[in-house]
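This report refers to the structure that appears directly beneath it.
This structure is a prediction, so every number in the text was calculated from the model and none was measured.
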Amino acid sequence: MALKAKRMHCFVQLASILGIVGLTSCYRAGHPEAVPPEPVSVVLNSLGFTFPAGLNENRNPYLDYIKERTNLDIRVIVPPSEGYEVKLNALMASGNPPDMLSLFSDVWVANYAKSGVLQPLNDWIDRYGPALKAGIPQEAWDKVTFNGKIYAVPSVNEVRGTELMYARKDWLDKLGLKPPQTLEQYYEVIRAFARNDPDGNGKDDTLGLPLMENLGRSSPFFGAFGVQLGQWTERDGKLVYADILPETKEALTFLHRLYSERLLDPEFPINKNRNLDQKVASGHVGLFSATWYDTRGPIELNRKNDPQADWIPLDYPVGPTGRKGTYETSLIRQYQVVPAHSRQAGAVIRMLNFIAGEGNRELKLGFRNQVWSRQDGRIVTNFAEHDKHLYRGMYSSLANVPTPALLKERLDSLGPRFQLYSNIQTVERNIIRNEFQGPPTPAMEKHKKKLSALRDVFVKMVVGVIPLDRFESYADWWRREGGDEITKEVNEWYQKQQEVR
């Protein structure tokens, strides 16, 4: 029996080396003692998810599902979201980081890859990552490839945009207003919602337009001028940075007008997502730039709090030259990297390949007949269980691959009331494309952190701390402090793309 077990173990090892993952799992089912679980440690971001009582990041049925199907003994580390990247830097400097780190910054990946402290993953992906290779587009791989070597597994955004406008139709009706379309019509509605007591309680407690810190949820108003913050746009055959264009100044001028007339939420520079959600849910907001999924969040909470609340999607505001739209989210939502010291790169790729492939449906939908069931040919979701099991997104997000049919099926199962798939279609029809889709350039790696201060300047311009007539001087500062260098490298990339086409 000892000899037989030894032969079994050697056979499974050979199968693993050859990449026959299915054979190892099948063999394990009959002889669990022959293949001890392979240990692997991973650092994840909580993404804001919480666990039901009695469960945590290392003890829950979804992690157990991944462990059992991959024969991996996965140890999960979840640092606090505040200062998350600082914690990753500390782990990398410790000399003994975990086997995988999940992060959000392309510049972080580029810097560490070029420093030689991340492990190239090409061979491991070829051996253990067929679902990753099949599901992740080449454009995403290109963003994590340096000198021909892949240094991260990219997790892809299925939806390429986020924001669209929503308003309370009951407030519009009460004030005798039509759903706005042009920017000036939006101004009139915002003004009326701030000043004309749309909730009828006799108090000055309604907001014209709420935004968030760093000008979050302002995208449609920049889109009305044909630009989006942080994006690159084509002008006369070359790419230019939108933040330094005259159109951006025009958008800031419009927002400053709202702020100076007390039509913009005065707390917007410190509003985080939870603050905005609370203001919408509590009935202080009648118009805002929502995320496509807010109909299941703060909008639905407001409906429950006030059965008279009737929310409708609006057209994007059309600016003076007929432009409109919203920003394009980055192709990649997360990056999974393996430190150079790790001997478990194969185990990491096996785990990510399972999430992208065999485990994709269960991890996205939840467990069948617990979170959802199939009735009359369609998926029906148990909302209570679905919400309780949302934390599974912490794991599924590590290797998200586009699955349009599953996305529609999943969103439709949550109910027509929320218009989730319809919202996505509206957003994607109105995206203003970011024309730079390459990996971070050397100048970006060098100057990005310093140049990000421009966003804080824009907030100060909106509130009037910095005069708008200084916009051009700050644009010159951006160019002088590294922006021109970045622009040169971006256009070198752009010209190569044009030659390929």
Side-chain angles (χ1 to χ4, degrees), residues 21-22 25 44-45 47 49 61-63 65-66 69-70 102 104 125 128-144 150 152-162 291-293 295-296 328-336 348-375 377-383 385-387 389-416 418-429 431 437:
V21 180
S25 60
L44 313 184
N45 190 288
L47 303 178
F49 293 121
Y62 292 95
L63 183 61
Y65 171 65
I66 299 171
R69 297 302 180 93
T70 58
S102 180
F104 307 97
I125 293 168
Y128 297 126
L132 297 172
K133 293 175 72 172
I136 297 173
Q138 185 59 45
E139 186 181 6
W141 291 117
D142 290 344
K143 284 177 168 287
V144 295
I150 295 171
V153 173
S155 180
V156 179
N157 267 315
E158 279 191 281
V159 182
R160 295 306 302 274
T162 304
T291 67
W292 60 264
Y293 45 85
T295 48
R296 277 203 78 235
E328 181 180 40
T329 53
S330 60
L331 175 63
I332 300 172
R333 61 186 296 179
Q334 288 173 251
Y335 303 82
Q336 281 50 254
V348 169
I349 298 303
R350 283 169 51 204
M351 177 188 72
L352 296 176
N353 189 73
F354 175 79
I355 293 171
E358 182 187 342
N360 179 266
R361 190 175 183 85
E362 294 293 273
L363 290 169
K364 282 186 176 178
L365 293 179
F367 294 124
R368 185 170 185 173
N369 297 326
Q370 182 177 5
V371 173
W372 63 277
S373 59
R374 190 169 289 281
Q375 300 175 21
R378 69 182 187 90
I379 290 177
V380 176
T381 296
N382 179 322
F383 291 126
E385 288 298 313
H386 169 79
D387 291 344
H389 290 233
L390 282 175
Y391 67 85
R392 66 184 182 275
M394 188 186 306
Y395 308 105
S396 66
S397 68
L398 296 177
N400 197 59
V401 295
T403 51
L406 179 60
L407 175 66
K408 184 178 189 308
E409 194 174 25
R410 176 167 62 90
L411 296 180
D412 287 350
S413 76
L414 298 175
F418 305 120
Q419 303 184 63
L420 295 174
Y421 195 71
S422 174
N423 283 348
I424 287 174
Q425 290 178 306
T426 297
V427 172
E428 293 187 338
R429 282 196 302 268
I431 283 174
Q437 295 291 332

Side chain to side chain, [X] and [Y], heavy atoms closer than 4.5 Å:
{"X": "Ile379", "Y": "Arg410", "result": "no"}
{"X": "Leu331", "Y": "Glu139", "result": "yes"}
{"X": "Leu411", "Y": "Asn423", "result": "no"}
{"X": "Gln419", "Y": "Thr426", "result": "no"}
{"X": "Leu414", "Y": "Tyr421", "result": "no"}
{"X": "Asp412", "Y": "Arg378", "result": "no"}
{"X": "Asn360", "Y": "Leu406", "result": "yes"}
{"X": "Arg361", "Y": "Glu409", "result": "yes"}

Could you check whether any side-chain N or O of [X] sits under 3.5 Å from a backbone N or O of [Y], counting only pairs where one atom can act as donor and the other as acceptor?
{"X": "Gln370", "Y": "Glu385", "result": "no"}
{"X": "Thr329", "Y": "Val159", "result": "yes"}
{"X": "Lys143", "Y": "Gln437", "result": "yes"}
{"X": "Asn400", "Y": "Val156", "result": "yes"}
{"X": "Trp141", "Y": "Ile136", "result": "yes"}
{"X": "Ser413", "Y": "Thr381", "result": "no"}
{"X": "Arg333", "Y": "Ser397", "result": "no"}

Can you say whether the rings of Tyr395 and Tyr391 are parallel (under 30°), tilted (30 to 60°) or perpendicular (over 60°)? perpendicular
Evaluation steps, side chain to side chain contact (heavy atoms under 4.5 Å, CB included), between Ile424 and Leu407: CA-CA 10 Å; Ile424 287 174; Leu407 175 66; 4.3 Å; yes
Can you give me the closest heavy-atom contact between [X] and [Y], atom names plus distance?
{"X": "Pro154", "Y": "Val144", "answer": "CD-CG2, 4.2 Å"}
{"X": "Asn353", "Y": "Pro130", "answer": "OD1-N, 3.2 Å"}
{"X": "Pro404", "Y": "Glu158", "answer": "N-OE2, 4.4 Å"}
{"X": "Ala356", "Y": "Ala131", "answer": "C-CB, 4.2 Å"}
{"X": "Ala140", "Y": "Ile332", "answer": "O-CD1, 3.7 Å"}
{"X": "Leu365", "Y": "Arg392", "answer": "O-NH2, 3.4 Å"}

Under 6.0 Å between ring centres: does that hold for Phe418 and Tyr293? no
Would you please indicate yes or no on a ring centroid separation below 6.0 angstrom for Tyr65 and Phe354? yes
From [atom1] ([X]) to [atom2] ([Y]), nearest 0.5 Å:
{"X": "Tyr335", "Y": "Ser155", "atom1": "OH", "atom2": "OG", "result": "10.5 Å"}
{"X": "Leu352", "Y": "Leu398", "atom1": "CG", "atom2": "CG", "result": "6.5 Å"}
{"X": "Glu362", "Y": "Arg69", "atom1": "CD", "atom2": "CZ", "result": "8.0 Å"}
{"X": "Gln334", "Y": "Asn157", "atom1": "CD", "atom2": "CG", "result": "9.0 Å"}
{"X": "Ile66", "Y": "Arg350", "atom1": "CD1", "atom2": "CZ", "result": "13.0 Å"}
{"X": "Ile349", "Y": "Met351", "atom1": "CD1", "atom2": "CE", "result": "8.5 Å"}

Partner of His389 under ring-ring contact (aromatic ring centres under 6.0 Å, His included), picked from Tyr62, Phe383, Phe49, is Tyr62
